[in-house]
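Before any comments, here is the structure.
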Amino acid sequence: MIVLENVSLTYDSGTIFQKAAIKNVSLSIRKGESVSIVGKIGSGKSTLVQFFNGLIKPDSGKVFVGGEDLGSKETNLKSVRRKVGLVFQYPEEQFFAETVFDEVAFGPKNMGLSGKELKDAVWQSLSDMGFNPSDVANLSPFGLSGGEKRRIAIASIIAMNPEVLVLDEPTSGLDYTGRNLLIEYLKNENKKGRTLVFVTHNMDEALEVSRRVIAMKDGKKVFDGNSEDFFTSEELVYGIGLDVPFVVKVWKKLKKRFPELPFCRSSKELVDFLYGGPAR
Amino acid sequence: MKARFALGQYTYTNSLLHKLDPRVKILLVFSLVVFLFFVRTITGYLILFVFACSLVVLSKNSFSSVFRSLRPILLLLLFTAVFQIFFTPGRLIFEWRFIKITAEGLRLAIYISIRLILLSFFTFILTSTTSGIELTDGFEALISPLKIFRFPSEEVSLMISISLRFVPVLFEEADRIMKAQMSRGAEFNKGSLVNRARSFLPLLLPLLLNALSRADRLAIAMESRGFVIGKKRTRYREMKLSGLDYVAIAITVSVFVFALVVKEIV
């Protein structure tokens, strides 16, 4: 679905502010996958995902989305952005419309939807994000709570029905319940077949959401593979300057007492196992 | 599509000019710019040009960055020069149908171009060797005598420094919002003029709202750190004239007087 070939990018090249943001990264994300991109702040995660819908172009290397070369002049970037929905960090800071409906409808309208089609798209995305559409559609988006705003912002991307949903730190600044709700919705979207790219520096979330993890350090890709392999290797995780998820720390201790304990991706799975819940 | 904005052209090259007192630099550049218009000879301008170039060398800046700073005024330069050439009455030296060029016009055009170029040279040297904080500190010190007339000099310079401080932040934010709305299929450079103006609403509205809420938070943060309007504040950087400053004043003044009185040799 998304393929990067030897992509590099330098900011402000030729000036004293020159900074290599991305160094020779190749990766491929398949349809239906859920991938977490982890790394410290400034490691290039946010820059990396902006290649995925052609917002920035690499200095060298190639980017393909659905087989189309984004560097080619014939490629319609608008249709690429419809395929790859990118949710920025703090997306609620981009609100401008008077009602939730208009806010969510902005994307699909730009894509040429109107009338019943438009309303259906808005309604569907709002209910996908856990709202009762008729309750919220006429409210002002500015009056909602932080978690609700965040979900409205994500709904506004989902309303374009993208094949790939890319989220840059979607849980930052959310309270506990807001975060849990969001994680559940995202996991659900992926289960329904939407490709999910999840950028985070919260390791517990990365582990819970995705089976595959891509780790970035100083603009370079340093790991790409199974999240279980990644997070159980302290050498790898600490080497990048990240922390082992709390669940994995507990799981490792428990594994010594209960050798039959399967790998757990969330505290819920762990608790379910220990108390004989559905995970067993 | 990156909205880049480097305020002034401050580059830390740690030259002698960086060490000068900002008050001295502001005053010198200001008076240079004013008195520039009193120089009447090409030789005088030549002297000033050599002086400006040696300052650029001294500030350890590259000449390419000086020329880059000239780019925005190029249009203005061309416009005024063309106007002067064609619309100054005087002794005709060239005539073709309705186009008339006079000796006085040509002379004026050359003078004005040289003045504008020198002007931006000197301001470049000031802004490239003086950080925003130094500039506003210096500015505040220079306008502080106005306090006698109840002019709120400290507040004004604080306002200037805060606005300067947030210009790059606003540009970065505009860039981010633009990208986010482009991800939602927005296009900012297509369609009729009306459509284009309307397409900026999703950019300008969030930008304004965020700026307002940021201003609110900044005010609270400043007050919680003890800021009270009108109250006397001490400062971390005490400005003090050093020997270097006196040398700079002496050199600049003498170069300038020389440029003013020198006789035309070309």
Side-chain angles (χ1 to χ4, degrees), chain A residues 9 11-17 21 46-47 49-50 52-57 76-98 102-113 141-142 153-160 162 164-168, chain B residues 1-15 59-62 64-65 67-69 128 168-191 195-196 198-214 216-217:
Chain A
L9 179 78
Y11 278 137
D12 299 317
S13 56
T15 71
I16 54 162
F17 304 107
S46 298
T47 311
V49 294
Q50 288 180 23
F52 294 179
N53 70 350
L55 279 179
I56 47 177
K57 293 197 168 65
N76 180 357
L77 281 178
K78 207 164 159 177
S79 77
V80 169
R81 284 172 193 155
R82 186 177 187 165
K83 262 186 226 158
V84 182
L86 173 59
V87 180
F88 270 67
Q89 223 179 113
Y90 298 108
E92 59 278 8
E93 284 182 3
Q94 281 105 50
F95 283 174
F96 65 94
E98 276 176 65
D102 288 332
E103 193 62 61
V104 177
F106 180 65
K109 259 190 203 161
N110 285 330
M111 300 303 169
L113 262 61
F142 296 101
I154 295 170
S156 81
I157 297 288
I158 289 184
M160 301 192 292
V164 186
L165 185 60
V166 185
L167 303 110
D168 191 354
Chain B
M1 184 140 222
K2 183 140 174 79
R4 252 210 89 59
F5 191 86
L7 191 73
Q9 297 95 349
Y10 182 67
T11 37
Y12 189 70
T13 46
N14 198 17
S15 71
S59 73
K60 297 185 188 166
N61 272 303
S62 64
S64 65
S65 52
F67 290 123
R68 223 172 311 143
S69 79
S128 69
V169 175
L170 273 182
F171 269 79
E172 254 175 59
E173 180 148 326
D175 183 55
R176 203 164 53 97
I177 296 175
M178 214 157 163
K179 276 180 173 168
Q181 307 297 30
M182 278 158 72
S183 297
R184 295 162 80 187
E187 283 168 306
F188 292 102
N189 44 14
K190 283 206 175 138
N195 275 341
R196 236 183 266 190
R198 198 176 294 151
S199 73
F200 272 94
L201 197 70
L203 167 66
L204 293 179
L205 216 61
L207 197 62
L208 187 71
L209 289 172
N210 295 345
L212 286 176
S213 82
R214 186 181 301 115
D216 234 15
R217 274 174 297 166

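On a predicted model such as this, the values are computed, not experimentally measured, just so you know. Lettering follows sequence order; numbering is per chain, from 1. All heavy atoms count here, side chains included; hydrogens, waters and symmetry mates do not.
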| N110(A) side chain vs F106(A) backbone, donor-acceptor pair below 3.5 Å | yes
| said: To the nearest 0.5 Å, what is the distance between CE on M178(B) and CG on L55(A)? | reply: 11.0 Å
| field | Under 4.5 Å from a heavy atom of chain B, the part of L77(A) involved | value | neither
| request: Could you have a look at K109(A), E93(A), R82(A) and say which one has the most heavy-atom pairs with chain B under 4.5 angstrom? | output: E93(A)
| message | With a 3.5 Å distance limit and no angle check, can you tell me whether Q94(A) reaches the backbone of I177(B) through a side-chain donor-acceptor pair? | response | no
| task | Side chain from CB out, backbone as N, CA, C, O: work out which of these in I157(A) comes under 4.5 Å of a heavy atom of chain B, or both, or neither. | result | side chain
| note | Honestly, the part of E92(A) sitting under 4.5 Å from a heavy atom of chain B is neither
| query | Has the side chain of E103(A) got a donor or acceptor atom that lies under 3.5 Å from a matching backbone atom of F96(A)? | reply | yes
